[in-house]
Amino acid sequence: MYGFEALTFNIHGGYLEAIVRGHRSGLLTAADYNNLCQCETLDDIKMHLSATEYGPYLQNEPSPLHTTTIVEKCTLKLVDEYKHMLCQATEPLSTFLEYITYGHMIDNVVLIVTGTLHERDVQELLEKCHPLGMFDSIATLAVAQNMHELYRLVLVDTPLAPYFSECITSEDLDDMNIEIMRNTLYKAYLEDFYKFCQKPGGATAEIMSDLLAFEADRRAVNITINSIGTELTRDDRRKLYSNFGLLYPYGHEELAACEDIDQVRAVMEKYPPYQSIFAKLSYGESQMLDKAFYEEDVKRLCLAFEQQFHYGVFFAYMRLREQEIRNLMWISECVAQNQKSRVHDSVVFIF
Amino acid sequence: MSGSSSWSRALVLISPYTFSAVGIAISIGVSVLGAAWGIHITGSSLIGAAIKAPRITSKNLISVIFCEAVAIYGVIVAIILQTKLESVPESKKYAPESLRAGFAIFASGIIVGFANLVCGLCVGIIGSSCALSDAQNSSLFVKILVIEIFGSALGLFGVIVGIIMSSQATWPAKTA
């Protein structure tokens with residue numbers, strides 16, 4: 001019942017909620033980002049980060065640093081925290097935590113399949129996979145020739161198996177099919193996650209519905225913009241949109257018919273929450289759209305912490321950390337390539 | 001005990017000793033339930049938050065003490081109530097005075113028990129939020145403590161009314 005979670009939540013989730021809130025206090029603040037943006041070299045970045053919670057992870061790295069090393073070690077910190085929480089969790093929190101990583105699993109699967117298509121080495125691809133999305137038989141993905149084999153050999157044993165029912169075809173895998181597969185899988189995953197969050201009910205259902213609906217809408221807009229000018233038909237595009245969210249179903253109808261960015265903007269401005277996002281962009285400009293969406297996302301994720309006794313804080317924390325790692329990657333790349341003027345283009349401050 | 005409905009006959013035929021005993025049991029049992037519930041809500045958050053911010057542990061034990069106070073109220077009232085429980089001669093067992101005394105002790109037990117139950121819950125939930133907020137920003141502790149003090153006053157109200165209620169539990173005198 002909504003409002004009475006406080007009575008029983010702490011039995012199973014109290015300790016972990018307190019831990020995740022402790023982790024949240026370790027997220028980098030605007031002051032940290034300002035310091036990092038003023039760094040001249042990657043070693044400066046390492047020095048600044050050693051004063052934050054990333055210190056123990058970066059201190060043993062030898063110079064010269066690479067940007068990929070920084071990102072890898074920061075991701076390692078996130079993975080350690082996640083694993084610590086996962087091994088302490090009981091049902092249904094443990095399933096909830098696992099759901100958070102299925103998106104990374106999908107990304108890893110697509111990465112390996114694409115890489116194999118372009119004849120890269122499997123080991124090299126495995127190193128690029130996101131550690132949160134690893135599963136046991138992931139290396140066997142390189143062997144599959146079409147989706148049927150992909151499913152039968154590898155994916156039927158993973159948690160992603162139920163998401164494949166909509167996209168098993170016997171066609172061979174090529175770039176277009178793989179993108180469609182990725183989006184179909186992600187659509188099925190979001191819908192499954194949404195349904196899963198309705199079961200605990202109460203605050204978890206309400207907060208997660210809002211966060212997942214924003215995610216679904218954002219993906220719909222990105223799919224639309226990315227498929228303008230490709231050979232993806234309207235019906236195919238429509239099939240990739242999720243069955244929930246603010247834009248469902250009328251917004252999706254209109255988005256499926258869009259042929260350029262201004263039409264997308266016209267559709268989105270009918271929805272007040274997205275109107276404020278699109279109002280920040282001038283006409284014809286789409287590069288800043290990603291950043292505008294990230295800012296709105298971060299705002300909503302931070303709001304999830306305002307309420308106690310629900311699972312949304314775990315999801316919000318993982319997403320905020322990933323945003324922080326994206327920020328660090330951007331800053332490191334700008335510093336490494338000496339383009340410090342562009343640093344503020346893509347850094348989203350969390351606090 | 002005239003021929004009214006059968007339920008009213010059933011109620012007045014229950015022995016006043018039963019009512020008194022149940023009242024005493026509720027006063028201590030339900031109070032301790034409230035205290036335990038509150039302490040576990042506060043305790044789990046406190047332990048988790050103290051990992052990142054060890055400084056909060058000593059101050060936030062106050063929340064646990066407030067919850068514990070609720071159980072102590074229950075014990076005190078139970079002891080007071082059991083001293084009020086006297087034997088009356090068989091002939092006077094269903095006299096109106098006896099029934100009144102039995103009901104008074106029963107009501108006192110319910111008042112104290114349930115007031116302490118919700119007080120313990122209230123203080124426990126606030127204590128949990130207090131620990132989490134204190135871990136992030138230590139200036140919040142005293143302000144949230146004020147809310148907890150108001151919450152723990154609820155248990156006190158219950159104790160006061162319960163003791164007033166039980167003071168009128170006078171059993172009929174032993175002489176016929």
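Residue numbering restarts at 1 for every chain, and letters A, B, ... go by the order of the sequence lines.
At a cut-off of 3.5 Å, with distance as the only test, a side-chain donor of B/S128 or A/Q308 sits close to an acceptor on the other residue.
Heavy-atom contacts from other residues, nucleotides or ligands closer than 6.0 Å to NE2 of A/H84 number more than 12.
For A/F309, the part sitting under 4.5 Å from any heavy atom of chain B is the side chain, from C-beta outward, and nothing else. Neither the backbone nor the side chain of A/Q88 comes within contact range of chain B, judged by heavy atoms closer than 4.5 Å. Interface remark: B/A53 contributes no atoms to any contact with chain A (heavy atom separation under 4.5 Å).
Note that CG of A/L16 and OG of B/S44 are 10.0 Å apart. Values are rounded to the nearest 0.5 Å. From A/F305, atom CZ reaches atom CG of B/L132 across 11.5 Å, with rounding to the nearest 0.5 Å. Interatomic distance, A/N10 CG to B/I125 CD1, rounded to the nearest 0.5 Å: 8.5 Å. Between the CD1 atom in B/I51 and the NE2 atom in A/H23 there is a gap of 8.0 Å [rounded to 0.5 Å]. With rounding to the nearest 0.5 Å, the separation of CD1 in A/I11 from NE2 in B/H40 is 4.0 Å. Atom OG1 of A/T8 and atom CH2 of B/W37 lie 8.0 Å apart (nearest 0.5 Å).
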(request) Check step by step if side chain to side chain contact (heavy atoms under 4.5 Å, CB included) holds for B/K52 and A/R24. (result) CA-CA 10 Å; B/K52 273 291 167 72; A/R24 172 205 182 259; over 6 Å; no
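Here the side chain of B/Q136 pairs no donor or acceptor atom with the backbone of A/G22 at under 3.5 angstrom.
Between A/A18 and B/S45, the shortest heavy-atom contact is CB-O, 3.3 Å.
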